[in-house]
A.B. asks: 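Pasting a structure below so you can have a look.
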Amino acid sequence: QLQASGGGLVQAGGSLRLSCAASGRTLSTYAMGWFRQAPGKEREFVGVIVWSRGTTHYADSLKGRFTVSRDDAKNTMYLQMNSLKPEDTAVYYCGAAPLRSVITPLPAFERRDAYAYWGQGTQVTVSS
């Protein structure tokens, strides 16, 4: 089970940190990802972390502003979002993708169908 939290209302230029707490499974054999979905748009990839190695990969448009990290002891993934813009407004979802191979290229986790489990989403609203 994945539980996303930390969303809210923030002014443009501000920051938020989202959390995704996992229960009931060991994450060492997963990549954990963040996606977002704005009204009327497809769910899009934000970033991913391979839990066992800590390696990360981001959507090109978000590099430098968003950072994915993890706390292994808490079984929790984070998304630090800085310099937020109104266009970052969306429901943010976390997902767990089973690692099929240790050599799976990170861009493979940009696909929604790589993920077997999803959290319920948390709303982020950025006002101008």
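In what follows, residues are counted from 1 in the order of the sequence shown.
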A.B. asks: Flag the pair H57 / V50 as yes when at least one side-chain heavy-atom distance between them is below 4.5 Å, and no otherwise.
C.D. replies: no
A.B. asks: Tell me whether L99 is reachable from L27 by hopping between hydrophobic residues (I, L, V, M, F, W, Y) whose side-chain heavy atoms are closer than 4.5 Å.
C.D. replies: no
A.B. asks: I want to check something: taking the side chain as every heavy atom from C-beta on, are M81 and V124 in contact at a cut-off of under 4.5 Å?
C.D. replies: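 Yes, their side chains come closer than 4.5 Å.
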A.B. asks: Starting at CG of L18, measure out to OH of Y92 and round the result to the nearest 0.5 Å.
C.D. replies: 7.5 Å
A.B. asks: Please find the pair of heavy atoms, one from G14 and one from V10, that lie closest to each other, and give the distance.
C.D. replies: CA-CG2, 3.9 Å
A.B. asks: Could you go step by step and tell me if T56 and L106 meet the side-chain contact (heavy atoms from CB on, under 4.5 Å) rule?
C.D. replies: CA-CA 8 Å; T56 55; L106 290 176; over 6 Å; no
A.B. asks: On a heavy-atom basis, which atom in P86 and which in A12 lie closest, and how many Å separate them?
C.D. replies: CD-CB, 4.1 Å
A.B. asks: Donor-acceptor pair, T89 side chain versus V126 backbone, under 3.5 Å?
C.D. replies: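 Answer holds: yes.
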A.B. asks: To check you understand the geometry: which heavy-atom pair defines the closest contact between A96 and Y30, and what is its length?
C.D. replies: CB-CD2, 3.8 Å
A.B. asks: If you round to the nearest 0.5 Å, how far is CG of L2 from OG of S23?
C.D. replies: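 Atom-to-atom, S23:OG and L2:CG are 7.5 Å apart.
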A.B. asks: Please examine the side chains of R36 and K41, heavy atoms only from C-beta on, and report whether any two atoms are closer than 4.5 Å.
C.D. replies: no
A.B. asks: Measuring centre to centre across the rings, with the benzene-like ring taken for any Trp, is F35 within less than 6.0 Å of F45?
C.D. replies: yes
A.B. asks: For atom CD of E87, is the number of surrounding heavy atoms from other residues, nucleotides or ligands below 6.0 Å larger than 12?
C.D. replies: yes
A.B. asks: Report the C-alpha distance between V91 and Y93 in whole Å, list the side-chain angles of each, state the deciding distance to 0.1 Å, and finish with yes or no for side-chain contact (heavy atoms from CB on, under 4.5 Å).
C.D. replies: CA-CA 7 Å; V91 177; Y93 297 90; 3.5 Å; yes
A.B. asks: Any chance you could measure L16, atom CG, to F66, atom CZ, to the nearest 0.5 Å?
C.D. replies: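 That separation rounds to 9.0 Å.
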A.B. asks: Quick one: does NZ or CZ of R17 land under 6.0 Å from the six-membered ring centre of Y78, within 45 degrees of the ring axis?
C.D. replies: yes
A.B. asks: List the steps, then state whether side-chain contact (heavy atoms from CB on, under 4.5 Å) holds for T55 with I49.
C.D. replies: CA-CA 6 Å; T55 49; I49 186 165; over 6 Å; no
A.B. asks: Go through V68 and Q80 one step at a time and tell me if the side-chain contact (heavy atoms from CB on, under 4.5 Å) criterion holds.
C.D. replies: CA-CA 6 Å; V68 181; Q80 178 68 43; over 6 Å; no
A.B. asks: Does anything in residues 119-128 pair up under side-chain hydrogen bond (donor to acceptor under 3.5 Å, both in side chains), and if so which pairs, sequence neighbours excluded?
C.D. replies: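 Of all non-adjacent pairs touching residues 119-128, those that pass side-chain hydrogen bond (donor to acceptor under 3.5 Å, both in side chains) are Q123-T125.
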A.B. asks: Would you name the heavy atoms of A90 and A38 that are closest together and state the gap between them?
C.D. replies: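 The pair with the smallest heavy-atom distance is CB-N, 3.8 Å.
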A.B. asks: Just verifying a value: how many Å separate E44 CD and E110 CD, rounded to the nearest 0.5 Å?
C.D. replies: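 Between atom CD of E44 and atom CD of E110 there are 11.0 Å.
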A.B. asks: What is the distance from atom CG of L84 to atom CZ of R65, rounded to the nearest 0.5 Å?
C.D. replies: 6.5 Å
A.B. asks: Applying side-chain hydrogen bond (donor to acceptor under 3.5 Å, both in side chains) as the test, list every pair that has at least one member in residues 67-77; sequence neighbours left out.
C.D. replies: W51-D72
A.B. asks: May I ask you to check if R43 and W118 form a cation-pi contact, with NZ or CZ under 6.0 angstrom from the six-membered ring centre and within 45° of the axis?
C.D. replies: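 Yes.
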A.B. asks: Report yes if the side chains of F109 and M32 come closer than 4.5 Å at any heavy-atom pair, otherwise no.
C.D. replies: no
A.B. asks: Measure the shortest side-chain to side-chain distance between C20 and Q3 over non-hydrogen atoms and say whether it is less than 4.5 angstrom.
C.D. replies: no
A.B. asks: Can you name the nearest heavy-atom pair linking S52 to S28, along with the distance?
C.D. replies: CB-O, 3.5 Å
